[in-house]
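For reference, the structure is listed below as structure tokens.
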Amino acid sequence: MTLRADSARVRGQMLAAARERVRGGDLDLPMNAIAKDAGVGVGTAYRHFPNRQALLEALAAESLGTLVADAEAGAADPDPAAGFAALLRNGLRLLRDDPALAAVLSSAQPACLAVTTDLTTQLGGAVQTILARARAGGAIRPDVTADDVRRLICGLQHAVAAGADSGAGDRYLDILLAGLRAA
């Protein structure tokens, strides 16, 4: 659905206001405050984003698309272990750079937006392909699921964010990869 120019402008203002709040560490994204920051009425805000989850998903859509492309590249890598490791490294970087993506991927709520549903379906398929190839090659434990990978990378992002060690991400990821290797 193509938005009218004025509606697209208002949506852009609201997304910019929400991004600014996220950059400042506010993932609560109160709709009244977003509307005020964007210079629109709260009713207008809710017409564009019926709830906080929809707003988060809209903020995360570009990063989620990048993660899908990374997963598809990893699935096509001739070395499935390298493709899997690259996906986790790129995924951790994206989650650290985009708190909205981290919130969407760690959420237990079902997706609100069709684009999020489509992208997460594509992501799941690509991760399944990577895992199947890595299992077949003996590079990954046979009991690791795509949902395990999602939860582990979200947990890893949280662990990195909780510490002050700037090099912890690579070290934690190496530990995770070692733990996921087939015996």
Side-chain angles (χ1 to χ4, degrees), residues 14-16 18-31 34 48-77 80-135 140-141 143-163 166 168-177 179-180:
M14 290 177 11
L15 287 171
R19 274 192 195 93
E20 195 58 39
R21 283 190 169 269
V22 168
R23 269 193 283 281
D26 179 8
L27 279 172
D28 290 334
L29 299 177
M31 295 301 277
I34 299 296
H48 283 273
F49 304 105
N51 55 45
R52 175 187 169 276
Q53 183 68 21
L55 180 57
L56 274 171
E57 290 176 21
L59 289 171
E62 184 177 335
S63 294
L64 185 54
T66 300
L67 185 59
V68 168
D70 290 343
E72 289 171 344
D77 192 312
F84 182 67
L87 171 62
L88 291 182
R89 287 191 195 288
N90 292 337
L92 180 58
R93 177 188 46 78
L94 283 167
L95 290 171
R96 290 178 70 195
D97 291 346
D98 188 348
L101 177 63
V104 168
L105 287 183
S106 65
S107 175
Q109 292 183 357
C112 292
L113 303 178
V115 66
T116 307
T117 301
D118 292 345
L119 288 170
T120 54
T121 298
Q122 292 172 37
L123 179 62
V127 171
Q128 291 286 11
T129 299
I130 292 171
L131 289 175
R133 292 184 64 233
R135 280 188 212 107
I140 300 290
R141 296 168 41 147
D143 59 341
V144 177
T145 68
D147 194 52
D148 292 336
V149 172
R150 179 189 63 83
R151 290 171 187 248
L152 288 168
I153 198 69
C154 287
L156 191 61
Q157 180 272 335
H158 181 74
V160 171
S166 63
D170 288 334
R171 188 173 71 253
Y172 292 167
L173 191 54
D174 289 342
I175 293 167
L176 176 64
L177 287 167
L180 293 174

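L113 approaches A58 most closely through the heavy-atom pair CD1-N, 3.7 Å. Smallest separation of non-hydrogen atoms from V22 and A100: CG1-N, 4.4 Å. Scanning all heavy atoms of the two residues, the minimum distance from G91 to I153 falls at C-CG1, 4.4 Å. Of all non-hydrogen atoms in L94 and S63, the two that sit nearest each other are CD1-O, 3.9 Å. Across every non-hydrogen atom of A102 and C154, the tightest pair is O-SG, 4.5 Å. The minimum heavy-atom distance linking L92 with G169 is given by the pair CD2-O, 3.8 Å.
Taking CG of L55 as the reference point, atom CZ of R21 lies at 11.0 Å (rounded to 0.5 Å). The distance from atom CE of M31 to atom CE of M14, rounded to the nearest 0.5 Å, is 5.5 Å. Taken to the nearest 0.5 Å, the CD1 atom of I130 stands 4.5 Å off from the CG atom of L87. To the nearest 0.5 Å, atom CZ of residue R89 and atom CG of residue D70 are 13.5 Å apart. Atom CG of L152 is separated from atom CD of Q157 by 13.0 Å, given to the nearest 0.5 angstrom. Taking CZ of R96 as the reference point, atom CG of L156 lies at 9.0 Å (rounded to 0.5 Å).
The backbone N or O of A103 lies less than 3.5 Å from no partner atom in the side chain of S107, so there is not a single donor-acceptor pair. A donor-acceptor pair under 3.5 Å is formed between the side chain of N51 and the backbone N or O of Q53. In this structure, the side chain of Q128 does not engage the main chain of A146 through any donor-acceptor pair within 3.5 Å. With hydrogens and angles disregarded, no donor-acceptor distance shorter than 3.5 Å links the side chain of T116 to the backbone of C112. A donor-acceptor pair is defined here as one N or O able to donate and one able to accept, closer than 3.5 Å; such a pair exists between the side chain of R135 and the backbone of V144. Between the side chain of R133 and the backbone N or O of D77, at least one donor-acceptor pair lies under 3.5 Å. Put simply, the side chain of R52 gets close to the backbone of L27: a donor and an acceptor are under 3.5 Å apart.
Put simply, the residue from L105, L119, N90 that forms a side chain to side chain contact (heavy atoms under 4.5 Å, CB included) with L67 is L105.
Between the side chains of D148 and T145, at least one donor N or O sits under 3.5 Å from an acceptor N or O.
The local environment of CZ in R141 is sparse, with at most 12 non-hydrogen atoms from other residues, nucleotides or ligands closer than 6.0 Å.
Ionic pairing of R93 and D98 is not present here: no N-O contact between side-chain nitrogen and carboxylate oxygen is shorter than 4.0 angstrom.
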Evaluate L15 against H48 for side chain to side chain contact (heavy atoms under 4.5 Å, CB included), listing each step before the verdict.
CA-CA 10 Å; L15 287 171; H48 283 273; over 6 Å; no
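With a 4.5 Å cut-off on side-chain heavy atoms, V127 and F84 do not count as touching. Taking 4.5 Å as the limit, some side-chain heavy atom of L88 sits within range of a side-chain heavy atom of V149.
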